[in-house]
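Worksheet: one structure, shown below.
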Amino acid sequence: MKIGPELSAVISGGASGLGAAVVKKLSSMGVKVTILDKDVPRGLALAEKTGSYFVEVEISDHSSVVKGLESARSRFGFERLCVNCAGIAPAQRTVSNGESHDSALFEKVVSVNLNGTFNLSSLSAAGMINLPLLKKSDDRGIIINTTSIAANEGQIGQLAYSASKAGVSGMVLPMARDLADYRI
C-alpha cells in the first residue's frame, strides 16, 4: 500500500506513546489521521500540532467506538489504515500481602487492551470490506494490532497485561485468515 494523502487512518491510543508516534509519522506522510483516545487534552494538542482530527473514544465501549468511527468517517471518509495502540498496564501481583489480584482491575485491563482491539479491528474491517480495491496495491486496507513481548514473557506484576496481550496475539492469525478474501 502506498502511504500518502489519498489515505485516511484511525489510531487508537493515539494521544500518547506508540500511538502518538504513529500519528506523527502518518501525518507527516500526508495521511488524514483521526486520533481515537480518551485523553482529551493530549489528543487535542497532538491533533492541532499534526493537522489530525481528534475524537474522544472509550475503546473498550463498543458504542463509543462506533460513534468515533462515524465521526472520523464523516470527516475523512472510510479509513484504509487502522492501528490499535490503546492499552493500559497497571501492575499487580497474583497475590500481594495475602490479598488476591483485584478482579475488577484484571477485567479493566482485558477490556481496554483485548476487547478494545477487537472492537476497533472488527468495526474497521466491516467498513473496509465495502471499499473498492486500491489500484496499485490491490487491497482494501490494513489493520495493525500492537502487542508486546509480555504476551509470552510477562514480568512480575504483569498478569493482566500479559493475558490481554496474549489475547491480542491470538487474534492476529484468525483475523488475517478471515479478512484475506476481502484483501484486508
- Message: Pairing donors with acceptors under 3.5 angstrom, does anything connect the side chains of E79 and S124?
- Response: yes
- Transitively linked via ILVMFWY side-chain contacts under 4.5 Å: I88 with L114? no
- Message: Could you report the tightest heavy-atom contact between V23 and S52, atom names first, then the distance?
- Response: CG1-OG, 3.6 Å
- Message: Starting from I3, can I reach I142 by hopping between I/L/V/M/F/W/Y residues whose side chains sit under 4.5 Å apart?
- Response: yes
- Nearest heavy-atom neighbours spanning A163 and F106: CB-CZ, 3.9 Å
- Is it the case that more than 12 heavy atoms not belonging to F118 sit under 6.0 Å from its CZ atom? no
- Query: Can you check side-chain contact (heavy atoms from CB on, under 4.5 Å) on D37 and V57, steps first, answer last?
  - Reply: CA-CA 5 Å; D37 206 296; V57 168; over 6 Å; no
- Task: Let me see the working for T50 and V33 under side-chain contact (heavy atoms from CB on, under 4.5 Å), right down to the final yes or no.
- Result: CA-CA 9 Å; T50 61; V33 175; over 6 Å; no
- Item | Over 12 foreign heavy atoms within 6.0 Å of CG, L173 | yes
- Taking only Lys NZ, Arg NE, NH1 and NH2, and the carboxylate oxygens of Asp or Glu, determine whether E56 and K38 approach each other closer than 4.0 Å. no
- Task: Indicate whether the side chain of S121 and that of N145 have a donor and an acceptor atom separated by less than 3.5 Å.
- Result: yes
- Item | Over 12 foreign heavy atoms within 6.0 Å of OH, Y53 | yes
- Message: Could you measure the distance from the CD atom of E6 to the CZ atom of R80? Nearest 0.5 Å is fine.
- Response: 9.5 Å
- Task: Please round to the nearest 0.5 Å and tell me the distance separating atom CG of L120 and atom SG of C85.
- Result: 10.0 Å
- Note on the structure: In this structure, OG of S122 is separated from CE of M175 (nearest 0.5 Å) by 7.0 Å
- Task: Give the cluster check for V112 versus V55: same hydrophobic cluster or not, with ILVMFWY residues linked at side-chain heavy-atom distances below 4.5 Å.
- Result: yes
- Query: Backbone N or O of G68 within a donor-acceptor pair of the S71 side chain at under 3.5 Å?
  - Reply: no
- Please report the closest heavy-atom contact between R73 and L123, naming both atoms and the distance. NH2-O, 3.3 Å
- Are D138 and R183 close enough for a salt bridge, meaning some N to O gap below 4.0 Å? yes
- Joint hydrophobic cluster, I59 plus V10, side-chain heavy atoms closer than 4.5 Å: yes
- Neighbour count above 12 (heavy atom, 6.0 Å) for Q155 CD: no
- Message: For L26 and L7: C-alpha separation, side-chain torsions, deciding distance, then whether side-chain contact (heavy atoms from CB on, under 4.5 Å) applies.
- Response: CA-CA 10 Å; L26 291 177; L7 298 179; over 6 Å; no
- Between the side chains of S164 and N113, does any donor sit under 3.5 Å from an acceptor? yes
- Message: Looking at every heavy atom in both L131 and R140, which two are closest together, and how far apart are they?
- Response: O-NE, 2.6 Å
- Message: Between I35 and I144, is there shared hydrophobic-cluster membership here, with clusters defined by ILVMFWY side-chain heavy atoms closer than 4.5 Å?
- Response: yes
- Message: Using the rule given for side-chain contact (heavy atoms from CB on, under 4.5 Å), can you reason through T117 versus M171, listing the C-alpha separation, both sets of side-chain angles and the distance that settles it, and then say yes or no?
- Response: CA-CA 9 Å; T117 298; M171 286 193 312; 3.6 Å; yes
